[in-house]
Trainee: 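What follows is a structure written as structure tokens; I'll ask about it next.
Chain A is the first sequence line, chain B the second, and so forth, proteins listed ahead of strands; every chain is numbered from 1.
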Amino acid sequence: MRIALDPGPEGGPVRVQRLDERGAPLAPPAELAGPLDVVALEREHAPRWVFARQRSYRELVRAGVDVARAHDVELVEGLLVAAAGRFGHPHGLAAAAARLHGREPEPDPRAADPDDRLALFDPTPPPDELADLVAVHAAQQSALAAGPAGMRLLAAAESAAALVAEEMTAAGLPWRADVHDELLTGLLGRRPALGGRPPRLAALADEVRAAFGGRPVNPDSPADVLRAFARAGHELETTRSWELRRVEHPAVEPLLAYKELARLHSAHGWSWLRTWVRDGRFRPEYVVGGVVSGRWATRGGGALQIPRSLRGAVRADPGWRLVVADAAQLEPRVLAALSGDHALAPGEDDLYTALAATEFGDDRGKAKLALLSAMYGGSGGEAGQLLGVLRRRFPAAMAFVDGAARDGEEGRLVRSHLGRTCPPARPGHERPDRARARGRFTRNFVVQATAAEWALVLLAELRGRLRAAASPAVPVFFQHDEVVLHAPAEAAQDAAAAVRAAAETAGLRLFGSSPVRFPMQVRIVEGYDQR
DNA sequence: AATACTGGCGCC
DNA sequence: AAAGGGCGCCAGTATT
């Protein structure tokens, strides 16, 4: 059974309607008295809940409701609209309903942004969405049934991921503000007054100025820095750190140190701490499907860029552990499975080390650069030469990414393994340089998007396993190929085993009998910085 | 003053 | 050693 659920306006009744698997109503709409009714329906029918969007589930999570399965209509609409080649059409529920009923013009979902502050003054109550939800869902079920099986798996996995995302935000990543403060103080000096410059930054700025003969230079201003170097006889194109490193001038060292610490201060300093950490938890908002490749994005707090230097602030509660699991060399393994070039990923050993041993004189860095260049479309400098080695060793894998690049350059559609469709090129792709850029994009898309869907399936599987085992372990963080769980110490081993099993199942779900393995590196630690 | 863009860099 | 894919965020800068 499926049950469509419209949480309705804040404080108002929650409305539901029972559906069959094709989405046809089994009963008239009904109102629920409260979240407990959802729990009862879950227990009685174990339905797949049909939600309009990720947000629909938020209030339920806050109320402590836990559901097993979901179908997220807006996420699925995005997948289906792109798969049908109808790019640029909005995939909000209202737009999807209008499209279904042949109404024009399609409403822009941004106009109905529930976070829009102006909406607070809008006297019109939100519409009853249940009818739209039911109609669009039924149309999606029929489209999914008519299409390839991969899309059904992708729709289910992405919907499950939306549940995981809301649950992660609710749980929050354990974050010790006191440790964060100590780390900042160690690197930057004592915390400055609001808006002030920390002592270490001020000292480095002074060193930079002194190195330029005492003339004031704002190290935060690229233009200013370029002018200062020009006066000193160094004509630079940019102030990127790798370009600065090639310059012999006494200002370079303090400037590089300044840039690194200034970034830490502005992006993840005391103001970040005050804004994003509450009650010992960092709660970013995850946007499932927020990246065209199907990777998640986040809103607020730069959650996917937590600097290594601060990871010590992520600490399990007393008596608890962090189970930190990352998929080892996920993208090259995905490429091996996609292309059937199994020589690329023969076992569970570190791919880069193995490749380095036979081809690159034990230089793991070279092997990694070569493989990444193959997937990102790099060709400059040393990469070109390294790629030659790969073409000889892994012709099928290289042919696969080259084919994806050619498809992009020549304007054909490119899809991930399960069927996520790459958005088309923007106008201007006739220019040769733009066509090549497009080729790099699609070359990367097939690998990155397939890796992202592997990770979605992993999350869905992991969630299922933890629920089935009634595990107290909670997923609290996810970034691309890495998941962190917070678990009581005595439950950590089982949680680690669940992650490994979920990874294995994800490989099976995507690639069936492929011999390519997707090993997880799992560590059970108290601090995120510990190996 | 508000908004949009750019350069630079953090993470994968 | 060189600068290839994806993002989000900040300060500086340009525009309105």
Side-chain angles (χ1 to χ4, degrees), chain A residues 195 197 201 217-227 236-246 255-256 258-269 271-272 275-276 284-287 289-311 326-332 334-335 360 363 365-366 368-387 401 404-405 408 414 416 420 422-423 433 436-452 454-455 477-483 528:
Chain A
R197 195 182 241 179
L201 282 184
V217 174
N218 179 359
D220 287 320
S221 164
D224 212 15
V225 170
L226 287 183
R227 279 192 294 271
L236 296 175
E237 292 288 315
T238 71
T239 63
R240 286 181 174 83
S241 57
W242 60 265
E243 197 173 346
L244 288 177
R245 264 187 266 276
R246 294 190 306 211
L255 183 56
L256 288 171
Y258 178 92
K259 283 158 76 81
E260 192 178 333
L261 291 175
R263 178 173 169 81
L264 182 71
H265 178 238
S266 69
H268 287 96
S271 136
W272 181 93
T275 309
W276 293 107
E285 184 180 347
Y286 296 97
V287 187
V291 180
V292 293
S293 65
R295 279 183 170 185
W296 293 13
T298 58
R299 240 192 315 257
L304 300 182
Q305 300 113 259
I306 299 171
R308 292 183 175 281
S309 56
L310 292 181
R311 292 191 175 182
D326 72 296
Q329 305 103 40
L330 177 59
E331 294 193 346
V334 162
L335 174 56
F360 296 108
D363 186 339
K366 270 192 182 178
K368 184 173 178 176
L369 175 66
L371 273 175
L372 292 181
S373 298
M375 292 181 294
Y376 293 168
S379 59
E382 197 183 11
Q385 186 187 340
L386 302 181
L387 280 176
V401 285
V414 170
S416 71
R420 191 184 302 273
C422 185
D433 58 324
R436 275 193 300 277
R438 175 71 185 165
R440 285 194 296 274
F441 186 95
T442 52
R443 172 191 294 269
N444 182 248
F445 179 90
V446 291
V447 178
Q448 188 184 113
T450 303
W454 179 89
F477 188 60
F478 169 69
Q479 63 176 349
H480 313 313
D481 60 358
E482 175 182 0
V483 60
Y528 192 21

Trainee: Looking only at side chains, do A:Arg245 and A:Ser241 share a donor and an acceptor under 3.5 Å apart?
Mentor: yes
Trainee: When all nucleic acid strands are considered with a 4.0 Å heavy-atom cut-off, which category describes A:Ile306: base, sugar-phosphate, or nothing?
Mentor: sugar-phosphate
Trainee: Would you say C:dG5 has OP1 or OP2 under 4.0 Å from some side-chain N or O of A:Ser293?
Mentor: no
Trainee: Determine the contact category for A:Arg263: base if any of its heavy atoms lies under 4.0 Å from a base atom, sugar-phosphate if only primed atoms, P, OP1 or OP2 are that close, otherwise nothing.
Mentor: base
Trainee: Under 6.0 Å from the NZ atom of A:Lys259, do we count more than 12 heavy atoms belonging to anything else shown?
Mentor: yes
Trainee: Please work out which of the three classes, parallel, tilted or perpendicular, describes the rings of A:His268 and A:Trp272, given edges at 30° and 60°.
Mentor: tilted
Trainee: For A:Gly300, report the nucleic acid contact type (base, sugar-phosphate, nothing); a contact means any heavy atom under 4.0 Å.
Mentor: sugar-phosphate
Trainee: Which part of the nucleic acid, if any, lies within contact of A:Asp224, taking any heavy atom under 4.0 Å across all strands shown: a base, the sugar-phosphate backbone alone, or nothing?
Mentor: nothing
Trainee: For the pair made of CE in A:Met375 and P in C:dA3, what is the distance, rounded to whole Å?
Mentor: 19 Å
Trainee: Atom CG of A:Leu387 to atom C1' of C:dA3: distance rounded to whole Å?
Mentor: 14 Å
Trainee: On DNA chain C, nearest-nucleotide positions of A:Pro222 versus A:Ala374: which is more 5'?
Mentor: A:Ala374
Trainee: Contact class for A:Gly301 (heavy atom, under 4.0 Å): base, sugar-phosphate, or nothing?
Mentor: sugar-phosphate
Trainee: Whether A:Thr238 contacts B:dG7 is assessed here as follows: a side-chain N or O lying under 4.0 Å from the phosphate OP1 or OP2. Is that the case?
Mentor: no
Trainee: Is the base of C:dG4 touched by the side chain of A:Ser373 through a donor-acceptor pair closer than 3.5 angstrom?
Mentor: yes
Trainee: Looking for any heavy atom pair under 4.0 Å, which part of the strands does A:Arg308 touch: base, sugar-phosphate only, or nothing?
Mentor: sugar-phosphate
Trainee: Report yes if a side-chain nitrogen or oxygen of A:Lys259 is closer than 4.0 Å to either non-bridging phosphate oxygen (OP1 or OP2) of B:dC9; otherwise report no.
Mentor: yes
Trainee: For the base of B:dC12, is there a side-chain donor-acceptor partner from A:Arg295 under 3.5 Å away?
Mentor: yes
Trainee: Considering only NZ, NE, NH1 and NH2 on the basic side and carboxylate oxygens on the acidic side, decide whether A:Arg246 and A:Glu237 come within less than 4.0 Å.
Mentor: no
Trainee: Within this structure, what is the NE2-to-P distance between A:His268 and C:dC9, rounded to whole angstrom?
Mentor: 9 Å
Trainee: Check whether any side-chain nitrogen or oxygen of A:Ser241 sits under 4.0 Å from OP1 or OP2 of B:dC9, and answer yes or no.
Mentor: yes
Trainee: Could you tell me whether the phosphate oxygens of C:dG12, OP1 or OP2, come under 4.0 Å of any side-chain nitrogen or oxygen in A:Asn218?
Mentor: yes
Trainee: A:Glu260 has an atom CD; how far is it from atom P of C:dC9, in whole Å?
Mentor: 21 Å
Trainee: What is the distance, rounded to the nearest whole Å, between atom CZ of A:Arg246 and atom C1' of C:dA2?
Mentor: 8 Å
Trainee: Contact class for A:Gln448 vs. all strands (heavy atom < 4.0 Å): base, sugar-phosphate, or nothing?
Mentor: base
Trainee: C:dG4, C:dG6, C:dT13: which one has an atom nearest the side-chain heavy atoms of A:Leu369?
Mentor: C:dG4
Trainee: A:Leu244 has an atom CG; how far is it from atom P of C:dA2, in whole Å?
Mentor: 15 Å
Trainee: Under 6.0 Å from the CD atom of A:Glu482, do we count more than 12 heavy atoms belonging to anything else shown?
Mentor: yes
Trainee: State the CG-CG distance between A:Leu261 and A:Leu201, to the nearest 0.5 angstrom.
Mentor: 6.0 Å
Trainee: Can you tell me the distance, in whole Å, between the OH atom of A:Tyr376 and the C1' atom of C:dG6?
Mentor: 8 Å
Trainee: Can A:Arg227 and A:Asp224 be counted as an ion pair, charged N to O under 4.0 angstrom?
Mentor: yes
Trainee: Students often get this wrong, so: under 4.0 angstrom with heavy atoms, is A:Arg436 touching a base, only sugar-phosphate, or nothing?
Mentor: nothing
Trainee: Measure from the side-chain heavy atoms of A:Ser266 and tell me the nearest of B:dG8, C:dC10, C:dC9.
Mentor: C:dC10
Trainee: Rounded to the Å, how far apart are A:Glu243 CD and B:dG7 P?
Mentor: 13 Å
Trainee: Which nucleotide wins on minimum distance to the side chain of A:Thr239, given the candidates C:dA3, B:dG7, C:dG8?
Mentor: B:dG7
